[in-house]
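Reckoned from all heavy atoms, side chains included, excluding hydrogens, waters and symmetry mates. As the structure is a prediction and not an experimental result, all values here were calculated from the model. Numbered from 1 within each chain, the chains take letters A, B, ... in sequence-line order.
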Amino acid sequence: MQSPEAQLEILKHGSAQILSEAELLTKLRTGRALNIKLGVDPTAPDIHLGFTVCLQKLRQFQDLGHQAVLIIGDFTAMIGDPSGRSKTRPQLSHDTIMANAKSFQQQAFKILDPAKTRTVFNGEWFEVMNFEQIIRLNSRVTLQQMLHREDFRSRMERGDSVRLHEIQYPIIQGWDSVMVKADVELGGTDQLFNILVGRDLQREEKMPEQVVFLMPLLEGLDGVQKMSKSLNNYVGVTDPPAEMFGKIMSISDTLMARYYTLLLGQTMPDTHPMDAKKELARRLVAQYHSQEEGDAALEDFNTRFSKKDLDHAELPLVPSDLLGSDIISAVVAAYVSGFQITKSRGDARRLVEQGSVQWQSEKITDMKAVLTFASGGVLRLDKTRAIRVG
RNA sequence: GGGUAGAUACCGAAGUGGCCAAACGGGGCGGACUGUAAAUCCGCUGGCUUACGCCUUCGCAGGUUCGAAUCCUGCUCUGCCCA
C-alpha cells in the first residue's frame, strides 16, 4: 500500500474541494481501510457520465485499499424528491426502484471493484423508524441551518415553494453517514451542504466526523448546465456505441478539455481538436462497451460523417413496404421504425421543406414527390439519422 | 382562517371580448458555413392539410355572448402579508 501522503496526492487529483485535507491525511495514517460513502437515488434505471466522475474517484479509493460503501437511496427515491421548478416527481413504486437499483449496480460495477464494495439500501434503517425517532432526529438540526442552504434560499427568494420534506433531505442523507460509519463522503460540489450535515450528526453521535470530498460537477452536452436527465444533455452509460460516440462529438472544444480531465483523468492531447475529440469518444465507448466497439464506432463515424459515405455506414434497415410512396409518410415511418421516434407529419413536412431529407444523396424538397424506395437505398432524415431500405 | 396577487405553449413572459394557434426572449430543430466544435446568418417550432382551410389548446368545471385566453360563478393549486 502507498504511503498516506502519496495516497492523498493521488486522490486530490481532479477533486474540487476536500474538507479537510489534514483530516483526510490523519485518517489515511491510521492505515485501516476507510469507509468511503457515495449515495445515489435510483430514480432512473441508467446512470450518466456525470455520475461516473464520483464513481471513478471511488474506484481510486478502492485501488488504494479502501472500502466503498454504495448507498442506494431506495427510501428517499420512494418519497420522490419534488425539487426543481415545475413538476412534482412521480412517486416510484418499490418494485421500480429495486429494478432501477439492480441495473444501476450493474452499471456502477463497470467502474467499481465489486470485491471492495458494500452496497446498502437506506430503507433498511429508515423504514423501521417510528415518528418519535424521526422527531428526535429532526431536533438535532436547526431551521436556520436548513434555510441557509443556497438552493432553498434562492427558491424562496424567487417565490417558489419549498415543501417541508425537502428540508429533511440533508438530515436523511446525513443519517446515512452515521449508519454506515462513513470516514469520507464523496459527492458533487452541490452536495457540500448535505455532507456537512452528516458531519454534524456524526459528531452528535460521538463518532469521528467524515471528510467531505467533493468532485466538480460535469457539464452536460450544452457545456453550461450540469449534466442531467431532465435537461436532456446527458450521455448515458448504456447509450449504444454509435449514439455515445455521436454525442461526444457534438460537444464544444472547451468542454472536451474538461471531459478529458474529469472522465479520463488525463490532459487533452495536443492534436487537432477534432482528432482529440474522436479519441475521447472512442475511449469512452471502449470503457463502457468494449475496445472493439470503440474502434467500430470510430470507424463508422469516419465513414458516415467525415467521408459522408452513408452507403457504407451501418444504418437501421426499414422494409420498403413500411415507407409507402410519398415522402412525408416515408419520413414518419422511418423515424418510428428506425429510431422509435414519433414525429408528426408536420415535423416531417418541415424537414422536407427545409432540405434535411435526402433520398440516395439527393435532397428532396418537393413534398408531393412520389418515390420508389428501392431496396438498399439510403434515406437521410436529419443531421444524424438515416435509414437503409431493407 | 382573513387579505391580496397569480396560474398562458418546452421554459420565461406579453395579451384583459373579435385583427389570437396566441407578441417577444430563451431553449430545441432544420438549412448555409464547418470539424456533428465555436461564432455568424436564414428558416421552423400544437394537430390534420400541397394549399384554401379545418380541429384542439391559455389551471379545472360550468355560464354570459353572434363571438372568450380575455367577462361571470364555483373549484384546484401557488406566492406574499396578517393570524
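- A:D253 comes within 4.0 angstrom of a base, heavy atoms only.
- Picking from B:rA38, B:rU50, B:rG47 the nucleotide with the shortest atom distance to the side chain of A:K368 gives B:rU50.
- A sub-4.0 Å separation between OP1 or OP2 of B:rC29 and a side-chain N or O of A:R350 is absent.
- Nucleotides B:rC54 and B:rC19 have their P atoms positioned 13 Å apart, rounded to a whole Å.
- B:rG59 and B:rG12 are spaced 13 Å apart, taking the P atom of each and rounding to whole Å.
- Residue A:K277 is in base contact, counting any heavy-atom pair closer than 4.0 Å across all strands shown.
- The gap from the C1' atom of B:rA39 to that of B:rU34 amounts to 11 Å, rounded to the nearest Å.
- Only the C1' atoms considered, B:rU70 is 15 Å distant from B:rG6, to the nearest whole Å.
- Residues from residues 354-366 of chain A placing a heavy atom under 4.0 Å of any atom in RNA chain B, listed by number, are A:Q354, A:G355, A:S356, A:K363.
- For A:K383 and B:rC29, the shortest distance from a side-chain N or O to OP1 or OP2 is not below 4.0 Å.
- Nucleic acid contact class of A:R349 (heavy atoms, under 4.0 Å, all strands): base.
- For residues 278-298 of chain A, proximity to RNA chain B is found at no residue, defined as any non-hydrogen atom under 4.0 angstrom from a strand atom.
- Classification of A:R345 and A:D326 as a salt-bridged pair holds, one side-chain N sitting under 4.0 Å from a carboxylate O.
- Within the nucleic acid shown, A:S344 comes within 4.0 Å of sugar-phosphate atoms alone, with no base atom in reach, counting heavy atoms only.
- A salt bridge links A:R136 with A:E132: at least one charged nitrogen is closer than 4.0 Å to a carboxylate oxygen.
- Taking the six-membered ring for Trp and the full ring otherwise, the centers of A:F75 and A:W125 sit at least 6.0 Å from each other.
- Under the 30°/60° scheme for interplanar angles, the aromatic rings of A:H66 and A:F61 are found to stand perpendicular.
- Checking the phosphate oxygens (OP1, OP2) of B:rG47, no side-chain nitrogen or oxygen of A:R345 falls inside 4.0 Å.
- The phosphate of B:rA38 has neither OP1 nor OP2 within less than 4.0 Å of any side-chain N or O from A:T254.
- If you check every strand for non-hydrogen atoms under 4.0 Å, A:I251 touches sugar and phosphate atoms only.
- Under a 4.0 Å N-O distance rule, the pair A:D253/A:K277 qualifies as a salt bridge.
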Legend entry - Test salt bridge (Lys or Arg N to Asp or Glu O under 4.0 Å) applied to A:R140 and A:E205, step by step: CA-CA 11 Å; A:R140 307 209 167 163; A:E205 292 296 316; 2.4 Å; yes
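- Rounded to the nearest Å, the gap between the P atom of B:rA69 and that of B:rU56 is 12 Å.
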